[in-house]
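The block underneath contains the structure these notes are about, expressed in structure tokens.
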Amino acid sequence: MAIFHYRFFFTSLFIFCKIVNVYSSGPVYTPPDVERLTDRFNQVSVNKSYDVFFGGSNIHVTNNGTNADLSLDKSSGSGLVSKNKYYYGFFNAALKLPAGFTSGVVVAYYLSNADAFPHNHDEIDIELLGHEKRKEWVLQTNIYGNGSVSTGREEKFYLWFDPTQAFHNYSILWNNHHIVFLVDNIPVREVVHSNAIASVYPSKAMSVYATIWDGSEWATRGGKYPVNYNFAPFVVSMRGIEMEGCVINQKEITATSCLRGTPSSLDPVDGEQFAKLSSQEVTGLDWARRKHMFYSYCQDKSRYKVLPRECNSS
């Protein structure tokens, strides 16, 4: 009987540990059906839409220019920057993330104009943060407007799939009405252009970036787990590029010709169908936030004694 209890105890403990391990990154749920925004726009090749941003020796363009592998090793990370600047648009990249031990590694797909506005830049971020465990990549979203870097507006999500096994779409829709972050066409976050956030809403033309770099100081558990280069190189593969929106002259500072006071069907991503989420998209947004979001700056009262205005906005 003692042997039975001993075996039962350790079998139960093993099963419990397996359950905790699975649920530590959130249980896996089946996503709802949503419209596929990525089907509305044409794909463009990497070599025709991007230039090297940094780490050129760690960038390898493949498949006749349609795909790219970006790597991080002990010598350097790497990154691409769009040839064009956009005032608004729909931007997508299908990414396959590095597998294995990826603590401290950051894969970022984002819009920024820090090159043109170093003191009051705008930024819209999708950041994928590596982990000390094999599959626990974390999705982090953030925005800055007019240099508002002192107020982080991060929200974090566990993914409902293994992002290292296949390509998945990571998208940003940005226009005068709202900013929407999407994963495989499912909205995970919407920032509505309301009066409460108007002063820090991204409002200047931006370039599109795709990068992989060393975020040891903060990316994994606040810097507790740095990049372990024994597992390098870390390679992110990229394809399915879509960039549709208002392309501005590189010498322009603003793009007033793209501004619309009311929705117009003449604008491909600022028209009426892009002014608000559809009912399916609202369902998808609710699903993602209830099931997979584990951090929002609007709920972090230890960080912000007075929450940013938009957190209290209806």
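Sequential numbering from 1 along the given sequence is applied to the chain's residues. Bear in mind that the values here come from a model prediction, so they are computed numbers and not experimental data.
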Is any side-chain heavy atom of [X] closer than 4.5 Å to a side-chain heavy atom of [Y]?
{"X": "Tyr170", "Y": "Val188", "result": "no"}
{"X": "Phe53", "Y": "Asp115", "result": "no"}
{"X": "Thr211", "Y": "Tyr110", "result": "yes"}
{"X": "Tyr109", "Y": "Val208", "result": "yes"}
{"X": "Phe117", "Y": "Asp122", "result": "no"}
{"X": "Leu111", "Y": "Tyr86", "result": "no"}
{"X": "His177", "Y": "Tyr88", "result": "no"}
{"X": "Ser199", "Y": "Asn146", "result": "no"}

Judged by atom type as modelled, is there a donor-acceptor pair below 3.5 Å linking the side chain of [X] to the main-chain atoms of [Y]?
{"X": "Ser78", "Y": "Ser71", "answer": "yes"}
{"X": "Trp174", "Y": "Pro202", "answer": "yes"}
{"X": "Lys204", "Y": "Asn120", "answer": "yes"}
{"X": "Asn113", "Y": "Ala205", "answer": "yes"}
{"X": "Ser278", "Y": "Glu281", "answer": "yes"}
{"X": "Ser112", "Y": "Glu123", "answer": "no"}
{"X": "Thr102", "Y": "His131", "answer": "yes"}
{"X": "Thr151", "Y": "Ser148", "answer": "no"}

Between the side chains of Glu242 and Arg40, is the shortest nitrogen-to-carboxylate-oxygen separation below 4.0 Å, so that they form an ion pair?
no
Which heavy-atom pair separates [X] from [Y] by the least distance, and what is that distance?
{"X": "Leu182", "Y": "Asn185", "answer": "CD2-O, 3.5 Å"}
{"X": "Lys301", "Y": "Leu307", "answer": "CE-CD1, 4.3 Å"}
{"X": "Gly152", "Y": "Arg303", "answer": "CA-NH2, 3.5 Å"}
{"X": "Thr141", "Y": "Phe157", "answer": "OG1-CE1, 4.2 Å"}
{"X": "Asp73", "Y": "Pro233", "answer": "CB-CB, 4.5 Å"}
{"X": "Pro98", "Y": "Val107", "answer": "CD-CG2, 4.4 Å"}

Indicate if [X] and [Y] have the same hydrophobic cluster label, given that clusters are the connected sets of ILVMFWY residues with side-chain heavy-atom separations under 4.5 angstrom.
{"X": "Ile197", "Y": "Tyr144", "result": "no"}
{"X": "Phe294", "Y": "Tyr304", "result": "yes"}
{"X": "Leu95", "Y": "Ile241", "result": "yes"}
{"X": "Val235", "Y": "Val227", "result": "no"}
{"X": "Met238", "Y": "Phe161", "result": "yes"}

For the [atom1] atom of [X] and the [atom2] atom of [Y], what is their distance to the nearest 0.5 Å?
{"X": "Met243", "Y": "Phe90", "atom1": "CE", "atom2": "CZ", "answer": "12.0 Å"}
{"X": "Asn92", "Y": "Asn169", "atom1": "CG", "atom2": "CG", "answer": "4.0 Å"}
{"X": "His178", "Y": "Leu277", "atom1": "NE2", "atom2": "CG", "answer": "5.5 Å"}
{"X": "Lys48", "Y": "Thr66", "atom1": "NZ", "atom2": "OG1", "answer": "11.0 Å"}
{"X": "Leu80", "Y": "Ser207", "atom1": "CG", "atom2": "OG", "answer": "12.5 Å"}
{"X": "Lys156", "Y": "Tyr158", "atom1": "NZ", "atom2": "OH", "answer": "9.0 Å"}

Step-by-step side-chain contact (heavy atoms from CB on, under 4.5 Å) determination, Val61 to Tyr50
CA-CA 11 Å; Val61 178; Tyr50 280 99; over 6 Å; no
Checking Arg153 against Asn142 for the side-chain contact (heavy atoms from CB on, under 4.5 Å) test, could you report, in this order, the C-alpha distance in whole Å, the side-chain angles of both residues, the deciding distance, and whether it holds?
CA-CA 5 Å; Arg153 291 177 165 83; Asn142 201 358; 3.6 Å; yes
Evaluation steps, side-chain hydrogen bond (donor to acceptor under 3.5 Å, both in side chains), between Ser82 and Asn84
CA-CA 5 Å; Ser82 61; Asn84 294 320; over 6 Å; no
Phe231 and Phe101 aromatic ring geometry - parallel, tilted or perpendicular at 30°/60° bounds
parallel
Which of parallel (below 30°), tilted (30 to 60°) and perpendicular (above 60°) describes His292 and Tyr29?
perpendicular
Determine, for Phe167 and Arg239, whether the Lys NZ or Arg CZ falls below 6.0 Å from the six-membered ring centre while staying within 45 degrees of the axis.
yes
Are more than 12 heavy atoms, taken from residues, nucleotides or ligands other than [X], located less than 6.0 Å from that residue's [atom1] atom?
{"X": "Asn195", "atom1": "CG", "answer": "no"}
{"X": "Asp33", "atom1": "CG", "answer": "no"}
{"X": "Asn42", "atom1": "CG", "answer": "no"}

Kindly indicate, with the supporting measurements, whether the criterion side-chain contact (heavy atoms from CB on, under 4.5 Å) is fulfilled by Phe91 and Met206.
CA-CA 12 Å; Phe91 310 96; Met206 293 189 276; over 6 Å; no
Determine whether Asp214 and Tyr229 satisfy the following criterion, side-chain hydrogen bond (donor to acceptor under 3.5 Å, both in side chains), listing intermediate values before the conclusion.
CA-CA 10 Å; Asp214 185 329; Tyr229 284 103; 2.6 Å; yes
Output, in order, the C-alpha distance, side-chain angles, deciding distance and verdict of side-chain hydrogen bond (donor to acceptor under 3.5 Å, both in side chains) for Tyr297 and Glu310.
CA-CA 11 Å; Tyr297 73 103; Glu310 68 274 10; 2.7 Å; yes
Residues Phe274, Val180; criterion side-chain contact (heavy atoms from CB on, under 4.5 Å); working and verdict:
CA-CA 10 Å; Phe274 296 102; Val180 185; over 6 Å; no
Show your reasoning for whether side-chain hydrogen bond (donor to acceptor under 3.5 Å, both in side chains) applies to Asn47 and Ser45.
CA-CA 6 Å; Asn47 59 358; Ser45 64; 2.8 Å; yes
Report yes or no: do Asp184 and His168 form a side-chain donor-acceptor pair below 3.5 Å?
yes
